[in-house]
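Position 1 is the first residue of the sequence; numbering continues from there.
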Amino acid sequence: MGPHPAVAAIRLAVRRVLHDVLTLAPTTSSPQGAGEPPLVLVACSGGADSMALASALAFEAPRLGVRAGGVTVDHGLQPGSDLRAAEVVSRLTALDLDPVEAVRVDVGREGGPEAAAREARYAALDAVADRHGAAAILLGHTRDDQAETVLLGLARGSGIRSLSGMATASGAGGRYRRPFLGLDRQTARKACMVQSLPVWDDPHNADPAYTRSRVRHEALPVLEKALGKGVVEALARTAQLSRDDADALDSWAAAVEPSVRDDSGDLEVAKLYALPPAVRRRVLRRAAIAAGSPAGSLFARHLEEVDRLITGWRGQGAINLPGRVAVRRQGGRLVLRQG
């Protein structure tokens, strides 16, 4: 008799990712030596999604000749968070993952609590992966998480890239992998239940002070009541379609950008004006980032202001972008300078 369908589903999802990792990195160099099988880490909070992911990795990795480890991040935002992190380490060790460690981070305030925690978490995961020479880090985001991300992007009104949600692979060299984006949250929870895996439900996930929590517990249930139970699947499908479109437009912008620059590297207004708006704004975004504007701080409203220097020119002054980048129109050119 085979495993429970939920367990089989999560194992299959992880197996596919591990096959991909093996194709890209059949061996890797680590601090312990060269030529070892690749190391794959699971980022685990102790919740149902990441515990299901950890158990599937522990099952599949030795069968494919992959080393498997785990890391949990202690954000220090709740009393007893260090004890909880230690408990997660024990659970991962009991699954025979190695190496396993907990990392404490200091969460700042810039961009709000959720964004600050996310930035600190990814910085910590990157550091652990670099230290151990890991080929990939698995994240437990599910289809439900993807639907929430799409709704949040829709609310921000920041364009098709924001509606693309989370990628199955992201980070430098596709380091971060999300095997569960095609699975719902209940499948992961069911897999934990049938395997008697203890899970921890983060109270922040139900705290209405957090935007994602309100989307999860208020916005999505209302949409499902009004539109039917297929809302989550439809939003996740929208994310994939949007990502395909956004990737194509990004490629177009990258290919055309050199042709709209003059010999000094400035952008030619007439050539920019001739581009479709979606491509033109992507060229402007690329140029702003190249000039020193941080990608994470550059929003649609910034690009709309710069775009008006092309499409709505009335002699307006320079546009100031994040990163102390100024954009001004001079003699039929857009000049971007930092400082």
Got a donor-acceptor contact below 3.5 angstrom from the [X] side chain to the [Y] backbone?
X      : Y      : value
Ser259 : Val256 : yes
Gln338 : Gly323 : yes
His302 : Phe299 : yes
Arg243 : Gly165 : yes

I need the minimum non-hydrogen distance between [X] and [Y], along with the two atoms involved.
X      : Y      : answer
Leu303 : Leu284 : CD2-C, 4.2 Å
Leu53  : Gly140 : CD2-N, 3.5 Å
Phe180 : Asp49  : CE1-O, 3.5 Å
Arg214 : Pro208 : NH1-O, 2.7 Å
Tyr176 : Leu125 : OH-CB, 3.4 Å
Cys192 : Ala48  : SG-O, 3.2 Å

Approximate separation, where rounding is to 0.5 Å, of [X] [atom1] and [Y] [atom2]:
X      : Y      : atom1 : atom2 : answer
Arg280 : Leu267 : CZ    : CG    : 12.0 Å
Thr72  : Glu87  : OG1   : CD    : 10.5 Å
Leu163 : Asp245 : CG    : CG    : 10.5 Å

Hey, does [Y] have a side-chain heavy atom less than 4.5 Å from the side chain of [X]?
X      : Y      : value
Glu305 : Val327 : no
Arg15  : Leu18  : no
Pro179 : Ile10  : no

Contacts of Arg285 meeting salt bridge (charged side-chain N to carboxylate O under 4.0 Å, His left out) (sequence neighbours excluded), chain-then-number -> none
Residues that Asp126 engages under salt bridge (charged side-chain N to carboxylate O under 4.0 Å, His left out), provided they are two or more places apart: Arg175
Could you check whether [X] pairs with [Y] (Lys NZ or Arg NE/NH1/NH2 to Asp/Glu carboxylate O, under 4.0 Å)?
X      : Y      : value
Arg177 : Asp20  : yes
Asp266 : Arg337 : yes
Arg286 : Asp250 : no
Arg308 : Glu304 : no
Lys271 : Glu257 : no
Arg333 : Asp262 : yes

Check ring pair (Phe, Tyr, Trp, His ring centres under 6.0 Å) between Phe59 and all other residues, then give those that pass, not counting sequence neighbours. none
Listed once per pair and sorted, the side chain to side chain donor-acceptor pair (under 3.5 Å) pairs that draw on residues 218-241, sequence neighbours left out: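 Side chain to side chain donor-acceptor pair (under 3.5 Å) check on residues 218-241 returns Gln240-Asp244.
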Among pairs that include at least one residue of residues 135-155, which meet side chain to side chain donor-acceptor pair (under 3.5 Å), considering only residues two or more places apart or in two chains? His141-Arg178, Thr142-Asp145, Asp145-Arg185, Asp145-Arg216, Glu148-Arg185, Glu148-Arg212, Glu148-Arg216, Thr149-Arg212
Do Leu138 and Val7 share a hydrophobic cluster (ILVMFWY, side-chain heavy atoms under 4.5 Å, transitive)?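 Different clusters.
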Does the side chain of His4 come under 3.5 Å of the side chain of Gln195 through a donor N or O and an acceptor N or O?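 Not at all, the side chains of His4 and Gln195 share no donor-acceptor pair under 3.5 Å.
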Is there a donor in the side chain of Thr187 and an acceptor in the side chain of Asp184, or the other way round, less than 3.5 Å apart?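 Yes, Asp184 and Thr187 have a side-chain donor paired with an acceptor closer than 3.5 Å.
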State whether the number of non-hydrogen atoms from other residues, nucleotides or ligands found under 6.0 Å of Trp252 atom CH2 is greater than 12.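 Result for CH2/Trp252: open.
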Under the side chain to side chain contact (heavy atoms under 4.5 Å, CB included) rule, what do Ser81 and His75 come out as? Steps first, then yes or no, please. CA-CA 7 Å; Ser81 63; His75 298 86; over 6 Å; no
Once side-chain contact (heavy atoms from CB on, under 4.5 Å) is applied, do any residues pair with Arg329, and if so which ones, sequence neighbours excluded? Val269, Trp313, Leu334
